[in-house]
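Heads up, the thing below is written out as structure tokens.
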There are 2 protein chains.
Amino acid sequence: MKHIADSTVRRLSLYLRFLEEFERHGHATISSGELARSGGTTSAQVRKDLSFFGSFGKRGLGYGVSDLIASLRHILGLEARWPVVIVGAGKIGAALAQYRGFGTHGFDVVGVYDTDPARVGEALNGVPVRPDAQLEADIAALRPRIAVLCVPGEAAQPVLDRVVAAGIRAVLNFAPAALTAPEGVTVRTVNMATELEVLAFALTNAP
Amino acid sequence: MKHIADSTVRRLSLYLRFLEEFERHGHATISSGELARSGGTTSAQVRKDLSFFGSFGKRGLGYGVSDLIASLRHILGLEARWPVVIVGAGKIGAALAQYRGFGTHGFDVVGVYDTDPARVGEALNGVPVRPDAQLEADIAALRPRIAVLCVPGEAAQPVLDRVVAAGIRAVLNFAPAALTAPEGVTVRTVNMATELEVLAFALTNAP
DNA sequence: CATAGCTTGTGAAGAATTTCACAAGCCTCC
DNA sequence: GGAGGCTTGTGAAATTCTTCACAAGCTATG
Ligand SMILES: NC(=O)c1ccc[n+]([C@@H]2O[C@H](COP(=O)([O-])OP(=O)(O)OC[C@H]3O[C@@H](n4cnc5c(N)ncnc54)[C@H](O)[C@@H]3O)[C@@H](O)[C@H]2O)c1
Ligand SMILES: NC(=O)c1ccc[n+]([C@@H]2O[C@H](COP(=O)([O-])OP(=O)(O)OC[C@H]3O[C@@H](n4cnc5c(N)ncnc54)[C@H](O)[C@@H]3O)[C@@H](O)[C@H]2O)c1
């Protein structure tokens with residue numbers, strides 16, 4: 001398939017959020033214009049984004065809300081649930097492990113790992129924190145496809161290398177570290193400092 | 001000034017991280033190529049990003065690490081510290097309030113707010129959780145420029161409206177909600193579901 | 001069944017961003 | 001002090017992303 005831009009995928013995810021909202025409100029169809037308004041974009045953008053994957057609407061009518069939800073889930077790969085491991089059960093790791101939103105969007109936390117013996121054994125939202133040393137064995141057994149890194153910055157690259165060696169191909173990283181991963185492994189880093197600095201820049205260069 | 005792309009600002013923030021690292025390692029100068037390698041970009045991109053703001057290097061030599069750090073801090077508006085309020089002292093709000101990285105990057109948490117009386121009074125990293133009703137008065141008194149929203153999705157827009165009315169012009173939102181703000185207010189949303197879904201898409205469409 | 005009124009899907013145009021490529025400048029060393 | 005070896009800064013080219021604009025198609029209605 002032709003390469004799909006990151007920005008397109010993010011918008012598709014956003015559209016899915018709004019469609020779920022629309023469905024809860026009992027709407028049966030929605031136009032690209034309405035979807036655009038919810039997502040702060042344009043109707044042409046919505047249609048173009050969808051057009052990369054096929055044709056989902058009815059001219060004159062718009063899109064069937066539940067059909068489009070199903071199509072987007074299919075496109076994004078959300079038809080099955082995704083098992084996820086969290087490495088690092090500190091403040092942010094614990095918050096994520098207990099985050100309900102994970103589950104409601106099709107992601108199951110199947111393991112939480114920490115080196116700190118004081119943390120091991122603790123249960124976070126039903127999932128027990130297990131010793132870090134167990135990571136490889138559990139990945140082999142539970143076959144999670146995604147790892148979330150919540151370890152200190154200096155531990156992030158070593159942990160990434162371990163989960164990649166164990167077969168993980170997608171990583172969400174919260175540590176403030178620039179990670180390198182082999183071809184074929186997707187790493188996304190959420191960097192709090194950068195988010196705040198972008199805001200500081202915006203304030204500094206305000207009109 | 002000419003409009004600066006969001007992607008450029010994010011990279012500048014990233015460069016700053018690496019430069020701080022380089023400085024700790026005792027390096028005095030750095031070339032655009034080295035900086036690019038750390039940040040997963042190209043030397044031309046680094047030079048172009050910087051060129052929007054001036055000329056900071058020496059041909060044949062590269063950039064003075066501490067000079068460039070100072071320049072980037074100036075560009076990003078990090079010469080003074082930024083007071084920040086956090087609204088919502090739940091799991092993610094508490095984690096952020098206790099996050100050391102905030103302080104080391106020039107952001108000071110000056111207030112944490114929650115509606116839950118059980119949470120009020122608790123101290124997070126030295127900052128007491130205060131009643132939500134205090135928000136407007138505290139913003140008027142402490143003059144924070146940035147608000148971080150860690151409230152449930154349905155509370156996010158009302159809280160945003162309140163902080164904007166109180167004078168806040170930059171917001172970092174963790175709630176899964178599409179927020180609308182008046183012209184002149186910058187809102188950045190970190191959406192966990194989207195981050196994971198982008199990973200699911202990458203895995204699904206893997207080669 | 002023809003018409004009116006919408007809305008999609010999509011090439012083409014336009015805008016923005018990234019990459020290229022090279023002149024200009026600086027440092028070192030002989 | 002001139003030559004050689006690097007590296008910057010930047011127009012121009014290339015690429016990527018977004019917006020435009022309109023033919024095509026669906027529904028409803030009389
Ligand atoms: N707290 C926040 O709000 C926040 C926000 C953004 C980013 N971060 C980043 O997230 C990471 C974690 O932050 P935190 O506040 O939760 O810190 P924390 O100290 O509370 O937690 C880190 C945890 O990781 C564990 N750990 C260390 N090395 C490990 C390893 N090799 N394998 C498994 N576990 C290991 C520690 O035992 C600890 O429990 C840091 O890199 C931090 O910079 C935190
Ligand atoms: N926990 C996570 O890892 C995580 C990750 C990403 C996003 N989020 C989002 O962040 C938000 C908070 O999540 P959480 O897990 O911390 O939930 P939480 O229930 O632990 O915390 C929410 C807190 O907000 C407070 N609150 C509610 N309404 C308020 C208001 N109007 N003013 C001030 N405080 C108010 C509640 O009393 C509670 O303490 C949610 O929108 C959630 O979807 C959470």
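Protein chains get the first letters and strands the later ones, always in sequence-line order, with residue 1 at the start of each.
- In this structure, B:F56 places its CZ atom 12 Å from C1' of D:dG9, rounding to the nearest Å.
- Under the salt bridge (charged side-chain N to carboxylate O under 4.0 Å, His left out) criterion, A:R169 pairs with no residue, sequence neighbours left out.
- With hydrogens and angles left out, the side-chain atoms of A:E197 and A:T194 include no donor and acceptor closer than 3.5 Å.
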Could you go through A:D67 and A:K58, starting from their C-alpha distance and side-chain angles, then the distance that decides it, and tell me whether this counts as salt bridge (Lys or Arg N to Asp or Glu O under 4.0 Å)?
CA-CA 11 Å; A:D67 289 355; A:K58 277 204 170 48; over 6 Å; no

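- Nearest nucleotide to the B:R59 side chain, out of C:dG11, C:dA23, D:dA23: C:dA23.
- If you measure from atom CG of A:L61 to atom P of D:dT29, you get 12 Å, rounded to the nearest angstrom.
- Near-neighbour residues of DNA chain D inside residues 7-31 of chain B, defined by a heavy atom below 4.0 Å, number-ordered: B:S31.
- The side chain of A:K48 has D:dT19 as its nearest neighbour among C:dT17, D:dT27, D:dT19.
- Rounded to whole Å, atom C1' of C:dT17 lies 12 Å from atom NE2 of B:H3.
- Between A:R37 and A:E34 there is no salt bridge, since none of the side-chain N atoms of the basic residue sits less than 4.0 Å from a carboxylate O of the acidic one.
- Remark: P of C:dT8 and CG of A:D67 are 14 Å apart, rounded to the nearest angstrom.
- The residue from B:D114, B:L124, B:V112 that alone fulfils the side-chain contact (heavy atoms from CB on, under 4.5 Å) condition with B:R119 is B:D114.
- Of the candidates D:dA12, C:dT7, C:dA21, the closest approach to any side-chain atom of B:R47 belongs to C:dA21.
- With rounding to whole Å, B:L35 atom CG is found 12 Å from D:dG9 atom P.
- Side-chain proximity of B:A44 to the nucleotides D:dT19, C:dA21, C:dT17 is greatest for C:dA21.
- Among pairs with a residue in residues 147-198 of chain B, none fulfils ring-ring contact (aromatic ring centres under 6.0 Å, His included), at least two apart in sequence or across chains.
- Within 4.0 Å (heavy atoms only), A:S32 reaches sugar-phosphate atoms of the nucleic acid but no base atom.
- DNA chain C is contacted by both A:G60 and A:S55; A:G60 maps to the nucleotide lying nearer its 5′ end (nearest heavy atom per residue).
- Nearest-nucleotide mapping onto DNA chain D: of A:I4 and A:K58, the residue sitting toward the 5' end is A:I4.
- Of the side-chain N and O atoms in B:Y63, one or more sit less than 4.0 angstrom from OP1 or OP2 of D:dG9.
- What separates CZ of B:F52 from P of D:dT8 is a distance of 17 Å, to the nearest Å.
- Between A:Q45 and D:dC17 there is no side-chain polar atom (N or O) within less than 4.0 angstrom of OP1 or OP2.
- Smallest separation of non-hydrogen atoms from B:A133 and B:R162: CA-NH2, 4.4 Å.
- The shortest distance between the side-chain N/O atoms of B:S51 and the OP1/OP2 oxygens of D:dG9 is not below 4.0 Å.
- Here C:dT7 presents its P atom at 16 Å from CG of A:L68, a figure rounded to the nearest Å.
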